[in-house]
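Working notes, beginning with the structure itself.
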Amino acid sequence: MFPKNAWYVACMPDEIDAAPLSRKICNETIVLYRNGEQQAVALEDFCPHRGAPLSLGKVVDGKLVCGYHGLEMGCDGKTVSMPGQRVRGFPPIRAYPVIERHGFVWIWPGTGAPTALPALAWADNPEWAYGGGLFHIQCDYRLMVDNLMDLTHETYVHASSIGQKEIDEAPVTTRVNGDEVITSRYMENVNAPPFWRMALRGNGLPDDQRVDRWQVCHFTPPSNVLIEVGVALAGNGGQDAPAQLKASSIVVDFITPETETSIHYFWGMARNFRPDDQALTASIREGQGRIFSEDLEMLERQQRNLLAHPERKLLMLNIDAGGVQSRRVIDRLLLAERAAAEGAAADAAAAEGVTA
Ligand code: FES
Ligand SMILES: [Fe+2]
């Protein structure tokens with residue numbers, strides 16, 4: 001179960017530059033492409049003629065042409081033309097609201113009116129650099145939210161890169177602010193693990209001194225997790241230390257459900273030190289990609305276990321509070337969405353009764 005009335009990342013902009021892209025999002029099979037003005041478009045990946053996937057077609061003069069018998073589709077989901085046929089009466093297919101912004105293509109899979117996109121302070125800002133990637137993972141999107149809202153696992157899953165025993169020892173605090181859930185952990189006067197030593201060097205800082213380290217995870221609906229992370233040379237104020245004494249960044253996680261048990265995981269890191277250093281962007285991206293691929297097997301095997309044993313009750317420890325609170329927010333949104341859908345269905349039935 002996932003909220004549908006929400007903006008999700010559908011794809012990276014370059015994924016639709018050359019050819020139409022088929023992607024299942026929230027159980028909807030969708031084709032994404034660029035129209036004549038190079039704007040991103042999202043339609044049902046279903047040709048109204050015989051049901052062929054439109055994504056097997058191609059874009060001609062900004063119009064998507066079905067690869068089976070040449071039906072030409074408009075960006076609004078209406079049929080435009082077909083060689084030797086009259087297509088005016090063809091039923092339209094669904095067109096989804098799409099926005100390309102902040103370096104991502106966003107889609108609104110629900111039928112409710114779209115709201116504003118989330119504000120991302122670091123995007124479109126020349127003082128920040130971003131590097132990231134996309135993983136396909138066979139797990140419920142909420143397992144990924146749990147993973148990101150409790151970084152205790154770093155000590156075990158990421159032992160050789162960002163893990164350290166002090167993560168386990170530092171208390172974690174969780175608070176809820178409306179629909180936002182924030183989990184924070186601070187470690188003082190610790191050794192920097194290898195990934196952070198690389199980042200310190202990348203910012204021209206020594207990598208062999210004690211540091212203060214922080215992790216502040218922010219969940220916002222539907223399934224976005226932005227994590228303030230960093231290390232500062234010890235005793236200089238930690239997260240508030242002057243910029244020249246720390247290496248800090250934001251771990252960016254946009255989780256787009258594909259099905260109930262699979263996700264498109266858009267991960268990355270935004271940093272505001274040395275933003276023009278492309279080699280640094282590449283090495284951070286490479287390191288982060290390696291780290292996140294370590295989560296992949298854990299999540300997929302966890303999902304398989306849960307599917308095999310739906311009756312098993314799981315435990316909730318204090319480290320799980322971030323995930324638990326995030327699920328409460330999601331559950332609240334799901335309830336509201338269901339109530340709105342039932343209200344709309346009742347209204348439609350009543351209107352039919354009046355006209356019958
Ligand atoms: S199935 Fe698309 S044109 Fe026939
Ligand atoms: Fe992880």
Side-chain angles (χ1 to χ4, degrees), residues 20 22 29 31 33 43-60 63-74 77-94 132-133 135 137 139 141-164 167-168 172 183 185 193-196 213 215-217 219 223 225-229 249-255 263 265-269 284-303 319-320 322-323 326:
S22 180
T29 306
V31 55
Y33 65 98
L43 301 177
E44 264 180 274
D45 194 8
F46 188 98
C47 178
H49 175 222
R50 303 293 293 164
L54 288 165
S55 53
L56 289 182
K58 54 185 174 197
V59 182
V60 179
K63 295 199 187 62
L64 184 57
V65 179
C66 178
Y68 205 175
H69 314 100
L71 179 64
E72 209 176 279
M73 301 298 304
K78 291 189 184 140
T79 50
V80 177
S81 66
M82 188 167 169
Q85 306 292 331
R86 251 199 280 233
V87 300
R88 284 271 162 78
F90 275 28
I93 55 169
R94 208 166 148 206
F135 286 163
I137 307 181
C139 74
Y141 73 106
R142 290 167 292 196
L143 293 184
M144 185 48 112
V145 172
D146 293 342
N147 171 288
L148 294 162
M149 291 300 286
D150 164 32
L151 300 179
T152 313
H153 77 271
E154 289 185 353
T155 312
Y156 306 95
V157 180
H158 312 302
S160 64
S161 52
I162 50 176
Q164 60 186 133
I167 295 179
D168 288 8
V172 64
T183 299
R185 181 182 263 128
F195 177 87
W196 285 112
R213 182 178 179 191
Q215 301 169 323
V216 184
C217 314
F219 164 88
S223 40
V225 181
L226 300 180
I227 312 178
E228 299 169 74
V229 289
S249 45
I250 298 174
V251 177
V252 176
D253 307 282
F254 295 125
I255 307 160
I263 58 171
Y265 174 38
F266 296 88
W267 55 265
M269 190 172 262
I284 288 178
R285 182 181 183 282
E286 199 259 331
Q288 200 189 6
R290 209 169 336 111
I291 291 167
F292 283 179
S293 65
E294 294 170 336
D295 292 295
L296 212 141
E297 184 185 10
M298 183 63 78
L299 289 164
E300 293 195 337
R301 301 279 300 272
Q302 180 190 15
Q303 178 68 68
I319 55 169
D320 302 315
S326 302

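Remember, it's 1-based here, ligands and their atoms both numbered in the order they're listed. Along the sequence shown, residues carry numbers from 1.
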Hey, can you tell me if H49 and H69 have their rings parallel, tilted or perpendicular (30° and 60° cut-offs)?
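Aromatic pair H49/H69 classed perpendicular.
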Taking side-chain contact (heavy atoms from CB on, under 4.5 Å) as the criterion, tell me which of E294, Q164, Q215 meets it with E154.
Q215
Numbering the atoms of ligand 1 from 1, which are under 4.0 Å from a heavy atom of [X]?
{"X": "Y68", "answer": "1 (S)"}
{"X": "L71", "answer": "3 (S)"}
{"X": "C66", "answer": "1 (S), 2 (Fe), 3 (S)"}
{"X": "C47", "answer": "1 (S), 2 (Fe), 3 (S)"}
{"X": "H69", "answer": "1 (S), 3 (S), 4 (Fe)"}
{"X": "R50", "answer": "1 (S)"}

Using a 3.5 Å distance criterion without hydrogens, assess whether the side chain of [X] forms a donor-acceptor pair with backbone atoms of [Y].
{"X": "S326", "Y": "F219", "answer": "no"}
{"X": "T155", "Y": "I167", "answer": "no"}
{"X": "D45", "Y": "S55", "answer": "yes"}

Let me check your reading of the structure: within less than 2.8 Å of atom 4 (Fe) of ligand 1, is there an N/O/S atom from H49?
yes
In this structure, are over 12 heavy atoms from other groups packed under 6.0 Å from F135 atom CZ?
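Result for CZ/F135: enclosed.
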Opening angle at the Fe ion (ligand 2) [NE2, H153; OD1, D295; to 10 degrees]:
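Roughly 90°, rounded to 10°.
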